[in-house]
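Step one of this worksheet: look at the structure below.
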4 protein chains.
Amino acid sequence: MRADAERNRGRILDAAEEVFAQRGAAASTEEVARLAGVAIGTVFRHFPTKEDLLAAILKRLLARLAEDAAGLGGADGLHTFFTRLVQQAAARRMVVDLVGVSVPAAVGRLGDAVGELLRQAQEAGTVRGDVGRPEVMALLVSVCQGALQGGWDEGLQARTLAVVFAGLAAR
Amino acid sequence: MRADAERNRGRILDAAEEVFAQRGAAASTEEVARLAGVAIGTVFRHFPTKEDLLAAILKRLLARLAEDAAGLGGADGLHTFFTRLVQQAAARRMVVDLVGVSVPAAVGRLGDAVGELLRQAQEAGTVRGDVGRPEVMALLVSVCQGALQGGWDEGLQARTLAVVFAGLAAR
Amino acid sequence: MRADAERNRGRILDAAEEVFAQRGAAASTEEVARLAGVAIGTVFRHFPTKEDLLAAILKRLLARLAEDAAGLGGADGLHTFFTRLVQQAAARRMVVDLVGVSVPAAVGRLGDAVGELLRQAQEAGTVRGDVGRPEVMALLVSVCQGALQGGWDEGLQARTLAVVFAGLAAR
Amino acid sequence: MRADAERNRGRILDAAEEVFAQRGAAASTEEVARLAGVAIGTVFRHFPTKEDLLAAILKRLLARLAEDAAGLGGADGLHTFFTRLVQQAAARRMVVDLVGVSVPAAVGRLGDAVGELLRQAQEAGTVRGDVGRPEVMALLVSVCQGALQGGWDEGLQARTLAVVFAGLAAR
DNA sequence: TATGAATGAGCCTTCATTCAT
DNA sequence: TATGAATGAAGGCTCATTCAT
């Protein structure tokens with residue numbers, strides 16, 4: 001792949017992330033192309049289908065999240081990651097609309113990272129030992145989605161997370 | 001012919017509920033008409049706009065939920081309602097996509113019903129006294145949304161709810 | 001035909017005349033029914049086709065004009081009629097949109113009335129003898145149409161008619 | 001591919017001019033596409049709205065008329081232009097239906113051209129000095145519209161114009 | 001005869017995808 | 001490889017007309 005092709009791919013992904021984050025997955029591919037500064041044909045050359053483009057975004061997003069998680073750790077790592085994720089507005093709408101796009105591998109790696117945070121938190125005694133990775137992931141996704149719905153101001157967000165954290169906490 | 005019209009209205013709402021529950025709000029009005037067994041024009045006669053149709057469904061759905069909630073009560077009412085809601089597949093996708101359709105009144109009534117359940121649970125000592133209605137609603141919505149995303153089998157659903165309930169529980 | 005049927009027919013025609021005069025022939029038949037205070041089915045019972053309704057309106061309109069013309073006469077009858085017609089806003093849009101609806105008989109009778117006015121004017125020496133009925137009718141229609149187009153204020157209307165009248169005038 | 005696009009744009013305008021001239025502005029955009037030999041999407045790529053297409057036609061039409069008028073002049077320029085315009089069947093229905101589409105600039109330029117013809121005719125003594133541009137424009141539009149209505153054969157057209165010209169003539 | 005709900009063809013418009021340049 | 005014009009299948013919606021009540 002030529003250097004400029006590589007550069008275009010990146011631009012397209014960036015543009016797509018922004019466009020879909022703002023307008024949802026229903027936004028048109030043309031708008032992505034426009035923001036990326038390329039022609040529509042170029043988008044389809046790199047991502048033969050709109051779904052491919054969505055999947056690529058999600059994959060990259062998940063990879064970043066996994067990387068982010070990997071940088072954390074210790075007793076509060078899980079809580080920090082959880083909170084941070086819920087705060088990221090951009091990442092959020094994505095997750096909602098991308099339902100159906102399957103990128104099991106990337107999700108798997110994110111799951112691994114979260115699992116590691118969970119392990120450390122349990123080791124440090126911050127989180128109950130009988131909580132498993134699947135339910136933590138489920139809660140993570142749930143609260144992110146929920147945050148998208150209504151007018152969660154910071155206070156509500158904090159109180160909602162507090163309940164979840166209390167549920168996870170060791171007695 | 002008032003009777004026919006009434007019957008058709010009901011059929012259309014039922015069909016719409018099913019179609020949108022399965023395919024999301026992006027599903028076509030034509031498909032609703034087909035499932036309802038009426039012509040497309042009939043759908044638009046009853047609901048002049050697709051958004052009107054969506055709003056009508058949501059309104060009815062919320063009314064049912066509120067009614068459902070009103071029938072519960074006691075120490076475990078909130079938990080029962082919470083669990084039941086998460087189980088209802090049909091109701092779920094709806095909530096995701098219907099965001100933006102404003103039916104404040106209906107939502108308000110649902111909130112009231114949930115608030116009442118919360119009050120009773122707190123009175124019975126099942127739920128912490130420092131938890132407010134807003135965060136309970138937020139958790140409700142969140143977990144419903146989350147349940148839509150992945151392959152939540154019954155076990156995962158139960159374990160996820162268990163964490164939330166633990167978070168709500170009085171010590 | 002029953003008395004109430006007769007009455008409905010009249011109401012429908014009146015409503016249609018008003019609706020089509022204001023919104024043009026593209027206005028919906030439903031709106032006519034609404035204004036007439038009858039159900040849509042009743043409109044179609046009296047006028048099996050929208051075109052039939054339009055034709056009926058035009059016919060009645062032309063009949064009235066002919067009657068109007070018949071009441072005039074003398075040296076200035078033609079000029080008076082001509083001017084009056086151009087002033088009638090309601091009658092105008094009609095004529096534009098009703099193109100294609102053929103009501104030769106009614107037009108014929110109007111033509112007769114205008115012809116008579118022309119004859120009298122020529123006899124009185126107000127109008128040149130070598131002008132025929134067809135061109136007078138053509139001018140009548142033309143100026144009515146023209147008046148529909150732009151912002152003909154009264155002054156412009158008068159000056160435009162003045163040119164036409166000068167063209168018709170005996171030297 | 002600029003060339004193709006340009007060619008298509010032209011084809012579409014030509015097709016639209018013909019279709020709308022024959023069937024009126026109510027004709028479907030699909031028919032325009034069919035006659036132009038392009039897909040419906042292509043029409044909408046060039047003219048995002050039906051109204052845009054209508055406006056474009058009218059604009060081009062008026063530009064041609066203005067250009068045509070600019071090529072004339074002298075004592076009979078106005079009469080020639082007037083007659084020619086009335087003869088153009090294609091141009092005519094357009095003007096009827098396109099009312100409401102605002103292309104003031106183009107209309108303005110046409111008015112200028114006609115004004116110039118009028119000035120020259122008055123200078124040459126062919127037309128009365130007390131006739132203004134507005135009423136000439138009004139007559140122009142009127143007779144064009146009128147010509148659209150009925151069965152104006154050539155003779156009737158000539159005789160009708162003769163009256164108008166007599167009205168304009170200096171004594 | 002009146003009512004008004006139902007029908008369904010047809011319209012304008014959007015957008016993912018293809019393909020000639 | 002990039003461009004961007006062309007394609008054409010839907011989709012939402014309107015409205016003349018029919019028909020059961």
Side-chain angles (χ1 to χ4, degrees), chain A residues 1-6 8-9 26-34 37-53, chain B residues 1-9 12 26-33 36-53, chain C residues 1-6 8-9 26-34 37-53, chain D residues 1-9 12 26-33 36-53:
Chain A
M1 185 181 280
R2 289 217 217 121
D4 55 340
E6 193 75 39
N8 273 344
R9 204 192 128 91
S28 88
T29 311
E30 282 269 359
E31 195 168 344
V32 171
R34 216 176 301 136
V38 301
I40 183 67
T42 303
V43 175
F44 277 89
R45 163 168 286 270
H46 285 282
F47 307 94
T49 281
K50 188 180 184 179
E51 198 176 321
D52 291 335
L53 177 56
Chain B
M1 188 162 285
R2 202 50 143 294
D4 279 42
E6 197 74 36
R7 184 165 56 248
N8 273 341
R9 202 192 130 92
I12 290 168
S28 90
T29 309
E30 284 264 2
E31 195 168 344
V32 172
V38 301
I40 184 66
T42 302
V43 176
F44 279 93
R45 161 175 274 267
H46 286 280
F47 307 95
T49 281
K50 187 181 183 179
E51 198 176 321
D52 290 335
L53 178 55
Chain C
M1 184 181 282
R2 290 217 217 122
D4 57 339
E6 194 74 39
N8 273 344
R9 201 192 130 91
S28 86
T29 311
E30 282 270 0
E31 196 167 345
V32 172
R34 215 175 304 137
V38 301
I40 182 68
T42 304
V43 175
F44 277 89
R45 163 168 286 271
H46 285 281
F47 307 95
T49 282
K50 187 179 184 179
E51 198 175 322
D52 290 336
L53 177 56
Chain D
M1 188 162 285
R2 203 51 144 294
D4 278 43
E6 197 74 37
R7 183 165 56 248
N8 273 342
R9 202 192 130 91
I12 291 167
S28 89
T29 310
E30 284 265 3
E31 195 167 345
V32 172
V38 301
I40 184 66
T42 303
V43 175
F44 279 91
R45 161 172 275 266
H46 286 281
F47 307 95
T49 282
K50 187 180 183 180
E51 197 175 322
D52 289 335
L53 178 55

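So you know, we letter chains A, B, ... as the sequences are listed, proteins then strands, and number each from 1.
Among F/dA2, E/dG8, F/dT7, the nucleotide with an atom closest to any side-chain atom of D/V38 is F/dT7. Of the candidates F/dT18, F/dA16, E/dA2, the closest approach to any side-chain atom of C/R45 belongs to E/dA2. Of the candidates E/dT1, E/dA16, F/dG8, the closest approach to any side-chain atom of C/A5 belongs to E/dT1.
Without hydrogens or angle criteria, A/S28 side chain to A/E31 main chain gives a donor-acceptor distance under 3.5 Å.
Residue A/N8 places none of its side-chain N or O atoms closer than 4.0 Å to OP1 or OP2 of F/dT1. The shortest distance between the side-chain N/O atoms of D/H46 and the OP1/OP2 oxygens of F/dA6 is below 4.0 Å. Within the 4.0 Å cut-off from OP1 or OP2 of E/dA5, not a single side-chain nitrogen or oxygen of B/T42 is found. An OP1 or OP2 oxygen of E/dC12 is reached within less than 4.0 angstrom by a side-chain nitrogen or oxygen of D/T29.
For C/E30 and F/dT18, the CD to P distance is 15 Å, given to the nearest whole Å. Look at CZ on A/F44: it is 6 Å from C1' on E/dT17, rounded to the nearest Å. Rounded to an integer number of Å, the gap from CD of A/E31 to P of E/dC15 is 9 Å. If you take CZ of D/F47 and C1' of E/dC12, they are 16 Å apart, rounded to a whole angstrom. The distance from atom NZ of B/K50 to atom C1' of F/dC13 is 12 Å, rounded to the nearest whole Å. In this structure, the CD1 atom of A/I40 is 9 Å from the C1' atom of E/dC15, given to the nearest Å. What separates CZ of B/R9 from C1' of E/dA6 is a distance of 16 Å, to the nearest Å. With rounding to whole Å, C/E51 atom CD is found 18 Å from F/dC15 atom P.
Within the model, atoms CZ of A/R9 and CZ of A/R45 stand 13.5 Å from one another, a figure rounded to the nearest 0.5 Å. For the atom pair CG (C/N8) and NE2 (C/H46), the distance works out to 5.0 Å, reported to the nearest 0.5 Å. To the nearest 0.5 angstrom, A/R34 atom CZ is 11.0 Å from A/T29 atom OG1.
Using a 4.0 Å heavy-atom cutoff across all strands shown, D/S28 reaches sugar-phosphate atoms only and no base atom.
Checking E/dC19 for Watson-Crick or G-U wobble geometry (two distances, each under 3.5 Å) identifies F/dG4 as its partner. With both pairing distances under 3.5 Å, E/dG10 is matched to F/dC13 as a Watson-Crick or G-U wobble pair.
When each of B/G41 and D/G41 is assigned the nucleotide of DNA chain E bearing its nearest heavy atom, the one mapping closer to the 5' terminus is B/G41. Mapped onto DNA chain F by nearest heavy atom, C/T49 and B/A27 fall at different nucleotides, with B/A27 at the one closer to the 5' end.
The minimum heavy-atom distance between B/I12 and B/A36, with the atom names listed, is CA-CB, 3.9 Å.
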